[in-house]
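Accompanying notes for the structure given below.
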Amino acid sequence: MTATDKPIGVLGGGAFGTTLAHLAGSNGHETLLWMRNEERAAAIVGDRENKRYLPGFKLSEKIQTTTALAEMAERCQLLLVAIPSSSFRTVVRALGDHLHGDHVLVSATKGLERGSFARMTEVLRQETCCLKIGAISGPNLAVEILRGVPGGTVIASAFEQVVHMVARPLHSPRFRIYASHDLLGVELSGAVKNVLAIAGGIARGMGFGDNTLAMLISRGLNEMTRLGAIMGAAPETFSGMAGVGDLVVTAFSDLSRNHRVGLGLAEGKPLDQILEDLGQVAEGVPTARVVKEWSDAHRVRLPICQGVFEVLYEGAKPADALEKMLSLPSMWEVESTDIT
Amino acid sequence: MKEQDRERTIVEVVGRIVEATRLGANNGGLSVEDVLADTLYFEQQRLKKSPRDRDNNAYRKLYRSIRQQLPRTSVSEQVELLRQSTDRFAREVVGKFDPRVYAFTTRVLPVGAGLMVNAVSPLSLISRLPELPSLKDQVVLRGATETLKGLANKGTVILAPTHLSNLDSIILGYSLFLLGLPPFTYGAGLNLFANPLLSFFMHNLGAYKVDRRKQAGLYKQVLKEYATVSMEFGYHNLFFPGGTRCRSGAVESHLKLGLLGCGLQAYINNLKNNKEKPNIYIVPCTLSYGLVLEAATLIDDHLKAAGKSRYIIEDDEFSKPRQVLNFVKELISLDARIVMNISEPLDPFGNRVRPDGTSEDGRGRSVDPSRYVFTGDGPDHDAQRDTEYTREAGRAVVRSLRQDATFLSTNLLAFTAFCLLRARGMDRQFYRFLRTADDLGGIPLNEVHLALERLRDALREKVRAGELGSNPVPFGFDPQSVVADGLKYFGTYHTHEVLARRGDRLFPGDMKLLYYYHNRLTGYGLESAIDERLRGDQ
């Protein structure tokens, strides 16, 4: 069996993992979806539906499920990993027992690992022997993709083979794939925009208008770009699909989990309750802490991310955090230096 | 290279390059004619600069002939001209190896580094031998020496050392001999062959000539292919991954990946040819000197060009035999030890290699390296993929070099004194600080001792965290001894005293040299241990 005959492997039966499996299946590729829970794995095959995360959407008949990581490694060469950042390392480490140098691993998780600040592809590298690694990121609301609404995403990897292997099963007229070599920039975009989406939710929840949101997006993009540049990413990546594209969709959309966290915070709900009501992981919450620690360590000023952190973890009221941000001295827009 | 392998190596190198050029031309790359025209252009530029050099007469004749023929040739005739040009380069590059000379060299070296410093004659050298103590006492070999010896029988080794001085290759050659290993093949710049005696020994210790004035792509291809073929034939290679001597004195963090890539190509070819011992092992290694012969020139170059260093320095201390002699004498009189630290070996993909020659991943799980280059039809090359693999190996080499670096008293003292001074002169722009640091006054000795204690603690913390190897300071770290030992070194050899004690204070003498020796400890985030205000400078 050649690489092109092998099923596409997807790890993680959450909203995005299921969506990726469905995309590959819809494009005619046998797809093997790994899930931790046997009952839910069986239900997906039996009902052709992910009732917990994507109720009401009929999934491709080409999707098979398994709970065995060994089977994933044995049957698939390409493995798309869509596991929440909090358990990403644990799952990948276990998967690593079964992998070889010819496997291709692609992270579909947006976020940074708490404590280590590691990007998900760094975790893939640390926990496995694999070198052909990439990341998929972009304005990808699972529900819209499943509805067939036109959209696209970015596949980033230093290896062209990785880009081609991912593009082949996922690309379609309704879901365009763009390639990038800037793995760092694409992953940072995907992580930091989640924090900014919370800010967007707060702003909307507090009844601010489009002007405020536009400012949040543009200044948020500025924060992402400065952060990325210091870390060695290409600034132009942040103007692309994975950067501003993802930021716009997350900051404006009610479908974004992180945005909904912000809305809940604006209503004065406690974080625990918001997350419980959400029933899904909102990557922006842990990422806000990572970005805060990182910006402190490197003395990078990120006022919006800082404000979100204070609301999430230091009990600041959203109104106070916003007021603090808005009270900052006036600056040159590009140079970011004070003019008052 | 052994005489019996010389001809077949040339045939292999020439054959591969000609074939690759033909295939490239058929797949949209440069045509054979273009490759020849490029070669003529770059070579003519080179020859213009040395019109009277008789060594180039053969090249002149060849290029005249090609120039006359090229406009009227068919493609097959162009291929023949390409073969001739490549053959000419290959014959120049492929070194001679005479086992009798190697045996003589390694017998002589133990009783005196004078070998490398005497520009007059072997007789003069030998007349000095009884006066010189054994080099064996000067070189301290540490780290994975036994693993290196074992792997040299299990596959082909690429030794990848840090590069501080032109003396490195001599020290390395001798260290390999001490370990009982055969000579390693390595490419040495033409300037190293300027000394006739040294040239004689370099050739016969496994060095081949690299003429950096030859800019033609074809010549560079020959160098790479020669390294690849030599590895496939089982010749261990030595390759300075920094490309040239490190100008700043820091441990290398940016590598030139050329030869590491050749290692991967050789590995794939070995797999394709079902070689009995296909494995290629990369062994990083750090060399540390209490004093560096060319320190003054190197740091000058580093500061002047701010990163745009001259690639070839032909007028440094190494080109002055008397200065080299003085330096070696100083080293010997100081009982200075040169530390060669062998790191854990790596495979061409950056995985750690166990003593039995098998690879393991970051979690200690066995890895089959051949799977990285496996395609549907078996192992094969893929230029884009292989470049990325080589980058990965390069990153692993850098990690090893930095982790296994060794710090001697001159580095520790210079780092401490420099940081203390820098904290005092933080308001000054860096270059101004270097020029004017002497007006900052002396540093009280007790302040230096306390700062050294903090540095010692910080180094221990780095060791505990796994950022540094188990013993980065091999000869003990007692602050008083470090100061005394460091000052002893700094007071000799260099024209200007690097650091001097007056009363109970230390005063900078040559700030550039102080900066140079300090740089060895940069990049580890140790500055704040000396002074918290330097945290942002880390």
Side-chain angles (χ1 to χ4, degrees), chain A residues 1-6 69-70 73-74 77-78 89-105 115-116 118 121-134 156-165 179 181-184 230 232 295-301, chain B residues 253-254 257 260 264 267-268 271 279 346-354 358-396 399 465-467 525 528 532-538:
Chain A
M1 186 178 271
T2 65
T4 49
D5 300 328
K6 290 185 172 182
L69 290 171
E74 192 185 330
Q77 185 180 8
L78 170 63
R89 187 179 289 276
T90 312
V91 173
V92 170
R93 183 178 296 178
L95 176 69
D97 289 344
H98 312 286
L99 296 175
H100 297 289
D102 46 353
H103 277 108
V104 171
L105 301 181
S116 72
T121 57
E122 289 178 310
V123 177
L124 291 175
R125 179 68 195 94
Q126 289 161 7
E127 298 295 343
T128 73
C129 66
C130 297
L131 295 175
K132 285 185 268 190
I133 284 171
S157 176
F159 291 85
E160 285 173 10
Q161 185 193 354
V162 174
V163 172
H164 294 309
M165 280 186 78
H181 285 300
D182 185 15
L183 187 54
L184 173 65
I230 283 171
S295 65
D296 283 353
H298 293 83
R299 298 177 180 178
V300 187
R301 201 169 60 152
Chain B
S253 56
H254 299 290
L257 300 172
L260 287 185
L264 177 57
Y267 175 64
I268 297 170
L271 290 174
N279 285 354
L346 306 164
D347 69 18
F349 310 94
N351 295 305
R352 208 164 59 179
V353 172
R354 300 164 176 149
T358 58
S359 297
E360 65 179 30
D361 70 8
R363 290 276 159 210
R365 294 174 291 219
S366 293
V367 173
D368 174 2
S370 70
R371 296 287 289 261
Y372 289 108
V373 293
F374 199 81
T375 64
D377 305 321
D380 210 348
H381 301 275
D382 175 328
Q384 202 277 332
R385 178 202 68 190
D386 295 347
T387 301
E388 291 308 320
Y389 281 155
T390 302
R391 287 207 178 105
E392 186 67 30
R395 284 190 281 270
R399 280 196 297 275
E467 290 175 50
S528 58
E532 188 55 38
R533 287 172 292 176
L534 298 175
R535 185 171 289 279
D537 284 4
Q538 290 175 168

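Per chain, numbering begins at 1; letters A, B, ... match sequence-line order.
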For B:R371, look at atom CZ and say whether over 12 heavy atoms of other residues, nucleotides or ligands are found less than 6.0 Å away. yes
How far apart are the closest heavy atoms of A:T128 and B:D361, and which atoms are they? C-OD2, 4.0 Å
SB check B:E392 A:R125 (cutoff 4.0 Å): yes
Checking B:R365 against chain A: side chain, backbone, both or neither under 4.5 Å from a heavy atom? side chain
Please report the C-alpha distance between B:Y372 and A:C129 in whole Å, then the side-chain angles of each, then the deciding distance to 0.1 Å, and finally whether the side chain to side chain contact (heavy atoms under 4.5 Å, CB included) criterion is met. CA-CA 10 Å; B:Y372 289 108; A:C129 66; 3.6 Å; yes
Grab the two heavy atoms, one from A:K132 and one from B:Y389, that are nearest each other, plus how far apart they are. CE-OH, 3.3 Å
dist B:D368:CG -> A:D102:CG (nearest 0.5 Å) comes out at 9.0 Å
CD (B:E388) and CD (A:E160) are apart, to the nearest 0.5 Å, by 8.5 Å
Backbone N/O of A:A158 and side chain of B:Q384: donor-acceptor pair under 3.5 Å: yes
